[in-house]
Amino acid sequence: MSRPLSETKKTRETLCRAERLTLKRRIDELMSQGQAIKQPGMTVIFKFMELPTPFPAQVMFSASKRNYKRSHDRNRIKRLMREGYRKQKHIVYSFFEKHQTQCALLFIFTGRQLPNQTYVHGKIFGMLKRLTETPPIPIAKPSDHDEKIQP
RNA sequence: AAAUGCAAUCGCUUCAUCGCUCUGUACUCGAUACAGGGAGGAAAGUCCGGGCAGCACAGGGCACCAUACCACGUGAAAAGUGUGGGCAGCAUAGAUGUAAAUUUAUGUUGACAGAUAGUGUUGCAGAGAUUUAGAAUGCCGAAGCAAACCUAGUUUGCUGGCGAUUGUGAGAAGGGGGUGUAAGAGACCACCGGCAGCGAUGGUAACAGCGCUGGCCUUGAUAAACCUUAUGGGCUGUAAGACCAUGUAGACCGGGAGUAUAAGAAGGCGGCAACGUUUUUUUAUCGGAGGGCGGCUCGUCCGGACCCGGAGGGUAGGUCGCAUUAGUUAAAUGAUGGAGCAUCCAAGGCAACUUGGUGGACAGAACCCGGCUUAUAGAUUGCAUUUUUUU
RNA sequence: GAUCUCGUAGCUCAGCUGGUAGAGCAAUACACUUUUAAUGUAUGGGCCCUGGGUUCGAGUCCCAGCGGGAUCA
């Protein structure tokens, strides 16, 4: 499963399919058992679990249909979030690799108005910084459900 | 030149860096490198239709639904749509005319068959709303009866006659004129108008104008009320459907039906044999129970023993369907910067324009195709009308 | 992707074959009561989701849109 990655692949600012969360069963598990970090405008749900990918994390992005009726608005928000994550993912990648773990991430945009790139970029940066402050759980052990959300 | 209406087209361009998706090729097989493709006019709404799939192979009649001026394309097709035409309405302009109006041209709009096949509805108002209606305001005093008087008659009242006038209403039984009459009325006459029928002419046709009738004129509106006529339509929908994998209950309850007939072949058993019996299978006849052809019925097909209903149990993963160079299964087109081109704002200028700033309409394919509808900053082109300016 | 329903007073709903808008609760005022509640009487409140069309006349019929809700193997 986990083939050793070349050093260039890890450091380059890419986001291919193996780095995205695509399986319905795993998404359901993340939604029901994951922990959440909330900030105004954005929420992150994450869970340390074993993933069928050489990358240390898999990610997905979402925007609520209730706040954004039009599909092109939701598409744009997801594209902006994907761009921000792509540029800054090395922050969490190095952190996860140091602790020998894998993590599933779900970014939910909860704002009301259509944002621009700099706003989303800053939000993603703050989120990733706070992720590095959480105590990671090695993938060998089952995750603890009753863990408190970090302030 | 501007504005408005209609029709049509476009709807940011380009460069650099980073990144996404599909296909192909290469090798050290990493999801690495290279090459190529990569969102609209509406992709939207799902309002119509087709491809395609299932319901047995998609049959007849009724019911139901849809459509409705004509010709030619497109289409399986009523349709829809394109081009051209006919008719009707509206607007503008011109001509004739005192005027009402008529007519011509241009533009534009029209769910544009039938109300003389039948049924229904037509509130309120009004005398009366469609079986030759009705008498409120009215007109008449010819005819009949009665009374009075100045008694061959006149007046008044009642019976009566009338449908012109006023008024109501969306709509009141063709128009104004004459004859006629007690008063009146298409009751009659000429003209005009409408409808129907017939005839010939022009046109492929819709239709047009013309002529004729001892014809009808008592016959409003509504079919987007039922309906009539003509034409078309079987129903359900890609969550259709096919295959693989996993799993389960051929169990339970209620109801119904009962294992056909004949011939041939093969095997088993009994018997010395003829033969008998039983199982499997083929053909022919019959086709009960029940079911299908999603409304009913006819007709037809399946059905050789199980069928119908109830209540439950189980699985809910994958591949195909699925794309002629967009293409996926949490679903790809983005970000940043530079230059240009629009919009908007501010300042300057008589103006062309200059400087600075802002910053790009509606909107994102999910099986495909055609039509319709809706959203749309702005730009361009054509036609028509109006206004102003110049020649 | 497909199929189907519903928009009427502040709320929940009637309104059948077209004729001009109704019920219950709520609100306001008055009466009763020391006061409130309950009760009784009266009153107001609607561009019938929006825009066109048919018709003398549309909540109702037809067309298009907007918004809510439900279902599918």
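Convention: sequence-line order gives letters A, B, ...; per-chain numbering from 1.
- In this entry B:rG36 has B:rC22 as its Watson-Crick or G-U wobble partner, both defining distances falling under 3.5 Å.
- For the P atoms, the distance linking B:rG184 with B:rG141 amounts to 10 Å, nearest Å.
- Between the P atom of B:rA330 and the CD1 atom of A:Ile45 lies a distance of 18 Å, rounded to the nearest Å.
- The CD1 atom of A:Ile45 lies 12.5 Å from the NZ atom of A:Lys47; values are rounded to the nearest 0.5 Å.
- Between B:rA335 and A:Arg76, a contact under 4.0 Å exists linking OP1 or OP2 to a side-chain N or O.
- Remark: the separation of the P atoms in B:rU181 and B:rU131 is 35 Å, to the nearest Å.
- The A:Met60 side chain lies nearest to B:rA330 when the options are B:rA363, B:rA330, B:rG19.
- Rounded to the nearest Å, the gap between the C1' atom of B:rG59 and that of B:rC235 is 15 Å.
- Base pairing of B:rG54: its partner is B:rC235, meeting the Watson-Crick or G-U wobble criterion (both donor-acceptor distances under 3.5 Å).
- Mapping A:Phe61 and A:His72 onto RNA chain B by nearest heavy atom places A:Phe61 closer to the 5' end of the strand.
- When rounded to the nearest whole Å, the span between CD of A:Gln88 and C1' of B:rA335 equals 13 Å.
- Anti is the classification of C:rA31, since its glycosidic angle lies more than 90° from 0.
- Nucleotide B:rC20 holds its P atom 12 Å from the NZ atom of A:Lys87, rounded to whole Å.
- Comparing B:rG193 with B:rG186, their C1' atoms are spaced 14 Å from each other, to the whole Å.
- B:rA93 and B:rU387 are spaced 9 Å apart, taking the P atom of each and rounding to whole Å.
- Using N1 to N3 plus N6-O4 or O6-N4 for Watson-Crick, or N1-O2 and O6-N3 for G-U wobble, each under 3.5 Å, C:rA21 pairs with nothing.
- Comparing the P positions of C:rA58 and C:rG52 gives a spacing of 13 Å, expressed to the nearest Å.
- Under the 4.0 Å criterion applied to side-chain N and carboxylate O atoms, A:Arg130 and A:Glu133 are not assigned as salt-bridge partners.
- Going from the C1' atom of B:rU328 to that of B:rU333 covers 14 Å, rounded to whole Å.
- Remark: A:Lys78 pairs with no residue by the salt bridge (charged side-chain N to carboxylate O under 4.0 Å, His left out) rule, at least two apart or across chains.
- Distance A:Leu105 CG to B:rA330 P: 18 Å, rounded to the nearest Å.
- Rounded to whole angstrom, the span from the CE atom of A:Met81 across to the C1' atom of B:rC20 amounts to 16 Å.
- Look at B:rA265: its Watson-Crick or wobble partner, with both distances under 3.5 angstrom, is B:rU280.
- Across the strands present, B:rU74 finds its partner in B:rG80; the criterion is a Watson-Crick or G-U wobble pair with both atom distances under 3.5 angstrom.
- Between A:Arg86 atom CZ and B:rU333 atom C1' there is a gap of 14 Å when expressed in whole angstrom units.
- Comparing the same atom, C1', in B:rA43 and in B:rU373 gives a spacing of 16 Å after rounding to whole Å.
- For A:Glu83 and B:rG334, the CD to P distance is 11 Å, given to the nearest whole Å.
- Annotation: the span from A:His72 atom NE2 to A:Ile77 atom CD1 amounts to 10.0 Å, rounded to 0.5 Å.
- The line from CZ of A:Phe61 to CD of A:Glu83 is 10.0 Å long, rounded to the nearest 0.5 Å.
- Classified by its glycosidic torsion, B:rG41 falls in the syn category, the angle being within 90° of 0.
- Glycosidic conformation of B:rU325 is syn; the angle stays within 90° of 0.
- In this structure, B:rA366 forms no base pair with any nucleotide, since neither Watson-Crick nor G-U wobble geometry is met with both distances under 3.5 Å.
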Using nucleotides 38-42 of chain B, report all nitrogen or oxygen pairs with the protein that are shorter than 3.5 Å.
| unit_1 | atom_1 | unit_2 | atom_2 | d |
| --- | --- | --- | --- | --- |
| B:rA39 | N6 | A:Arg79 | NH2 | 2.5 |

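- Remark: B:rA7 base-pairs with B:rU381. Criterion, Watson-Crick or G-U wobble with two distances under 3.5 Å.
- When the C1' atom of B:rA31 is taken as reference, atom CD of A:Gln58 falls 14 Å away, rounded to whole Å.
- Applying the side-chain contact (heavy atoms from CB on, under 4.5 Å) rule to A:Phe95 yields the partners A:His99, A:Thr132, A:Pro136; only residues at least two apart in sequence or on another chain are considered.
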*Trace of the side-chain contact (heavy atoms from CB on, under 4.5 Å) decision for A:Met42 with A:Ile124*: CA-CA 9 Å; A:Met42 194 174 286; A:Ile124 296 268; 4.2 Å; yes

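- Put simply, CG on A:Leu105 and CD on A:Gln58 are 9.5 Å apart, with the number rounded to the nearest 0.5 Å.
- For B:rG186, the glycosidic angle deviates from 0 by 90° or less, giving a syn base.
- The pairing partner recorded for C:rG67 is C:rC6, the criterion being a Watson-Crick or G-U wobble arrangement whose two distances lie under 3.5 angstrom.
- Counting only residues at least two apart or on different chains, no ring-ring contact (aromatic ring centres under 6.0 Å, His included) pair has a member in residues 109-134 of chain A.
- Across A:Lys38 and A:Thr43, no two heavy atoms sit closer than the pair CG-CG2, 3.9 Å.
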